[in-house]
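To start, the structure itself, in structure tokens.
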Amino acid sequence: MTAVAGRRAAVFGWARFGLLVLFVVVFLIPIYVLLVTSFKPLTEADPSQAWNLPVTWTTEAWRVAWEKLAPGLWNSVLLAVPGSLLSCALGSMNGYVLSKWRFPGADLLFTLFLFGMFIPYQGVMIPLVQLLVSIDQFAGLQGVFYGGIPGLVLAHVVYGIPICTLIFRNYYVTIPDELIEASRVDGAGLLRAYWSVVLPVSGPAIAVVIIWQFTSLWNDFLFAVFLTGPTSWPTTVMLNNIAGAQATPYSQQMAAAILASIPTMLIYVLLGRFFMRGLMAGALKG
């Protein structure tokens with residue numbers, strides 16, 4: 001029975017491995033088409049030849065895509081980096097207060113925070129535009145909040161507060177209350193305990209929020225179209241505008257798509273090992 005069970009386990013192991021390889025191949029097919037097409041000249045970049053390797057290899061499409069995307073890439077950096085950091089800071093402080101400071105109405109306030117996750121972008125677009133226009137008028141500014149990157153950052157930070165608070169709150173409930181109480185015995189106040197005890201062990205939750213918010217901000221299209229002007233368009237809007245009048249430049253579009261996706265892939269490669277640990281923290285508690 002032991003030998004039979006061993007052979008059965010080996011068969012299941014090889015079957016599982018083969019299934020995983022199949023999934024990987026299926027997943028990589030679009031990437032193959034992207035890469036192959038991006039190195040083709042315009043005369044070869046045709047849907048009927050999508051699977052064929054280039055007859056003539058060229059990087060012209062990459063050069064043109066970079067020239068067209070460069071302003072949008074820089075705008076996306078100005079959007080995604082401060083937006084992610086602000087969302088992380090606000091979510092961390094909110095999660096700490098809601099998990100470790102049990103004031104009256106804390107659960108109700110947390111529930112109201114979560115309601116913000118279910119408000120569709122389209123439902124707040126008109127009032128959001130009116131708000132940003134009012135801020136510009138009140139501050140004597142022109143095209144800073146409405147039409148510029150700061151307004152887009154503000155919209156994403158506010159819209160990201162519910163999910164960021166949820167992630168940090170669920171992570172912080174796993175931190176023993178005895179650590180906070182011990183720091184208070186040593187004379188630390190609420191903020192000191194947060195800075196010295198809670199924040200140093202918040203790495204996994206920070207990684208989750210940074211990946212989540214950076215990806216959301218970098219891939220944003222709807223807010224960017226409504227709230228920014230041509231000089232402030234991020235990568236997604238610039239990518240959408242790479243299209244020909246008579247013929248579609250497929251090679252340029254493929255190269256631009258790869259360029260636009262590189263930053264989010266790098267963020268996940270750098271922080272991905274913390275992602276599932278931080279995302280699942282608090283799933284069985286709190």
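These figures come from a predicted structure and were not determined experimentally.
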Spell out, as yes or no, whether a donor-acceptor pair under 3.5 Å connects the side chain of [X] to the backbone of [Y].
X	Y	result
Ser196	Ala193	no
Asn75	Thr231	yes
Ser76	Gly72	yes
Gln213	Gly160	no
Tyr96	Leu190	yes

Measuring only between side-chain heavy atoms, which start at C-beta, is [X] closer than 4.5 Å to [Y]?
X	Y	value
Pro162	Phe115	no
Phe39	Thr59	yes
Tyr172	Val198	yes
Ile163	Val209	no
Leu69	Ile242	yes
Tyr171	Ser99	no
Leu53	Val36	yes
Leu79	Trp218	no

Checking side-chain polar atoms at under 3.5 Å, does Lys40 have a donor or acceptor matched by the opposite partner on Gln49?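 Side chains of Lys40 and Gln49: no pair found under 3.5 Å.
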Under-4.0 Å salt bridge between Glu181 and Arg184: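 A salt bridge is absent here (no side-chain N lies under 4.0 Å from a carboxylate O).
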Please report the closest heavy-atom contact between [X] and [Y], naming both atoms and the distance.
X	Y	value
Ser232	Gly148	OG-CA, 3.6 Å
Ala80	Leu217	CA-CD2, 3.7 Å
Val197	Ser183	CG2-CB, 3.8 Å
Val173	Asn170	CG2-O, 3.1 Å

Single-linkage hydrophobic cluster, 4.5 Å side-chain cutoff, Ile31 and Val21 together: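 Different clusters: Ile31 never reaches Val21 through Ile, Leu, Val, Met, Phe, Trp or Tyr contacts under 4.5 Å.
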Quick one: pull up CG in Leu227 and CG in Leu154 and give me the separation to the nearest 0.5 Å.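 Rounded to the nearest 0.5 Å, the CG-CG separation comes to 9.5 Å.
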After noting the C-alpha distance and the side-chain angles of Tyr268 and Thr215, does the key distance pass the side-chain hydrogen bond (donor to acceptor under 3.5 Å, both in side chains) rule? CA-CA 9 Å; Tyr268 190 82; Thr215 303; over 6 Å; no
Does any pair with a residue in residues 213-225 pass salt bridge (charged side-chain N to carboxylate O under 4.0 Å, His left out), and if so which ones, sequence neighbours excluded?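 Sorted pair list comes back empty.
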Could you pull out all residues at least two apart from Asp177 that satisfy salt bridge (Lys or Arg N to Asp or Glu O under 4.0 Å)?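 With sequence neighbours excluded, Asp177 shows a salt bridge (Lys or Arg N to Asp or Glu O under 4.0 Å) to Lys100, given in chain and number order.
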Please identify each residue that fulfils salt bridge (Lys or Arg N to Asp or Glu O under 4.0 Å) with Arg192, with sequence neighbours left out.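 Partners of Arg192 by the salt bridge (Lys or Arg N to Asp or Glu O under 4.0 Å) criterion come out as none, since no residue qualifies.
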For Leu86, enumerate each residue passing the side-chain contact (heavy atoms from CB on, under 4.5 Å) test, keeping only those at least two apart in sequence or located in another chain.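 Val153, Val157.
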If you draw a 6.0 Å radius around [atom1] in [X], do more than 12 non-hydrogen atoms from other residues or ligands fall strictly inside?
X	atom1	result
Trp57	CH2	yes
Leu20	CG	yes
Phe110	CZ	yes

In terms of relative ring orientation, are Phe17 and Trp14 parallel, tilted or perpendicular, with 30° and 60° separating the classes?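 Phe17 and Trp14: perpendicular rings.
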Could you name each residue pair satisfying side chain to side chain donor-acceptor pair (under 3.5 Å) that touches residues 15-38, not counting sequence neighbours?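 Qualifying pairs: Ser38-Trp62.
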Walk me through whether Ile210 and Leu85 qualify under side chain to side chain contact (heavy atoms under 4.5 Å, CB included). CA-CA 7 Å; Ile210 291 294; Leu85 295 178; 4.2 Å; yes
Pairs under 3.5 angstrom only: tabulate donor-acceptor contacts from the side chains of residues 122-139 to other protein residues two or more places apart or in another chain.
from: Ser134; atom 1: OG; to: Gln130; atom 2: O; distance (Å): 2.8
from: Asp136; atom 1: OD1; to: Phe145; atom 2: N; distance (Å): 3.0
from: Asp136; atom 1: OD2; to: Phe145; atom 2: N; distance (Å): 3.4
from: Asp136; atom 1: OD2; to: Tyr146; atom 2: N; distance (Å): 2.9

